[in-house]
Amino acid sequence: MSKRIGFAGLGLMGSRMARNLLKKGFPTTVWNRTAERCEPLVKEGAKLARTPFELAEHSDVVVACVADPAAVERLVFAEDGLLGAARPGFRYLECSTVSPDTTRRVQAALREHGADALEAPVTGSKNGALNGTLLFMTGGETAVHEELLPVMMAMGTKAIHCGAMGQGSTVKLIGNSVISFMLEALCEGIVLGRKAGLSIETIVEVIQASGYASPYYAFKGAAIAKRDFEEHFAIDLLVKDQTLMLEQAAALQAPMPGLAAIREVFQAARAQGHGREDICAVVKALEKSAGL
Ligand code: NA7
């Protein structure tokens with residue numbers, strides 16, 4: 001028998017991930033802070049939960065994909081939170097990108113009720129969520145990873161177990177630090193190149209023919225060339241991750257001077273009103289500084 005799934009958080013990522021679970025035949029119940037966002041999935045066969053508590057009551061596994069640590073706090077620990085319905089055997093799959101401290105705290109609280117959690121932040125953004133090709137990086141018990149693998153494989157194609165609870169979130173934050181550097185470097189190059197009279201296409205063509213080619217440069221370079229800033233992954237959310245990474249860096253006394261500087265460029269883009277645009281809209285902040 002398929003596990004009964006509860007899905008919390010029907011944003012850009014979660015709505016697409018929940019749809020894949022439904023399509024693969026998992027009995028699915030959904031909850032979202034703004035209840036109207038549940039309507040399309042309910043029309044497609046999902047059940048509706050009024051609270052996270054009710055969601056957990058009707059599910060064997062709750063999958064969460066919410067914005068940030070505050071959202072996880074609300075989902076799990078609020079008076080009507082899912083913790084109240086935790087019981088032996090209940091599982092929580094945390095797909096949001098949050099801090100390792102948050103996922104460890106959630107796991108400890110669930111374990112007091114005989115339940116357990118696996119953190120499984122994802123990469124692949126909107127298209128990966130839509131096509132069911134996400135990569136999961138997990139933290140938690142190996143046995144829980146194995147147990148929840150069929151649920152993850154309904155939404156993605158690969159899951160790498162990174163270690164104990166907290167390690168999945170840490171790897172995810174490292175990954176988002178790396179793409180921050182890659183994207184900001186590309187955007188600085190594009191802005192300078194344009195001032196020097198080069199086309200974006202020529203810059204990207206040379207990068208892609210070189211030893212430092214990456215599908216990421218092709219994807220984001222093409223979007224910038226078309227001025228297509230529709231959200232795949234919002235600047236607000238990347239700044240949230242950069243901040244979580246810098247907090248962890250401070251706690252571990254591991255300086256990240258590059259990331260600290262790059263975050264300011266993304267902060268400038270937010271201040272200019274681009275927070276809900278795709279992360280490649282950071283080019284607009286650099287264009288503005290360069291007088292383009
Ligand atoms: P979105 O599209 O911004 O969606 C965020 C979701 O989180 C959405 O369902 C929100 O509900 C929910 N949310 C935000 N704040 C809260 C609080 N305080 N309480 C409960 N629910 C909340 O983000 P993405 O789908 O792109 O990304 C989701 C995660 O994956 C994030 O960690 C990324 O970094 C990776 P709403 O509809 O606004 O009521």
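Both ligands and their constituent atoms are indexed starting at 1 by order of listing.
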Determine whether L110 and D116 satisfy the following criterion, side chain to side chain contact (heavy atoms under 4.5 Å, CB included), listing intermediate values before the conclusion.
CA-CA 6 Å; L110 286 169; D116 208 345; 5.9 Å; no
Criterion salt bridge (Lys or Arg N to Asp or Glu O under 4.0 Å) on D241 and R263, from CA distance to verdict
CA-CA 10 Å; D241 295 344; R263 181 178 59 161; over 6 Å; no
Run R104 and E119 through salt bridge (Lys or Arg N to Asp or Glu O under 4.0 Å) and show every step you take.
CA-CA 9 Å; R104 286 192 203 108; E119 60 178 355; over 6 Å; no
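Under the 6.0 Å distance and 45° angle rule, R19 does not count as a cation-pi partner of F7.
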Protein N/O near ligand 1 N/O, under 3.5 Å, which pairs?
residue  : atom   : partner : partner atom : Å
ligand 1 : 2 (O)  : L12     : N            : 2.8
ligand 1 : 3 (O)  : R276    : NH1          : 3.2
ligand 1 : 3 (O)  : R276    : NH2          : 3.1
ligand 1 : 7 (O)  : A67     : N            : 3.1
ligand 1 : 9 (O)  : L10     : N            : 3.2
ligand 1 : 9 (O)  : G11     : N            : 3.4
ligand 1 : 9 (O)  : N32     : OD1          : 2.7
ligand 1 : 15 (N) : R33     : NH1          : 3.4
ligand 1 : 18 (N) : R33     : NH1          : 3.4
ligand 1 : 25 (O) : L12     : N            : 3.2
ligand 1 : 25 (O) : M13     : N            : 2.8
ligand 1 : 32 (O) : V66     : O            : 3.0
ligand 1 : 32 (O) : A67     : O            : 2.9
ligand 1 : 32 (O) : T97     : N            : 2.9
ligand 1 : 32 (O) : K240    : NZ           : 3.2
ligand 1 : 34 (O) : K240    : NZ           : 2.8
ligand 1 : 37 (O) : N32     : ND2          : 2.9
ligand 1 : 37 (O) : R37     : NH1          : 2.6
ligand 1 : 38 (O) : R33     : NH2          : 2.9
ligand 1 : 39 (O) : R33     : NE           : 3.0
ligand 1 : 39 (O) : T34     : N            : 3.0
ligand 1 : 39 (O) : T34     : OG1          : 2.4

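Of all the heavy atoms in A223 and C280, the pair that sits closest is CB-SG, 4.1 Å.
Residues F229 and H274 place their aromatic rings such that the two centres sit no closer than 6.0 Å.
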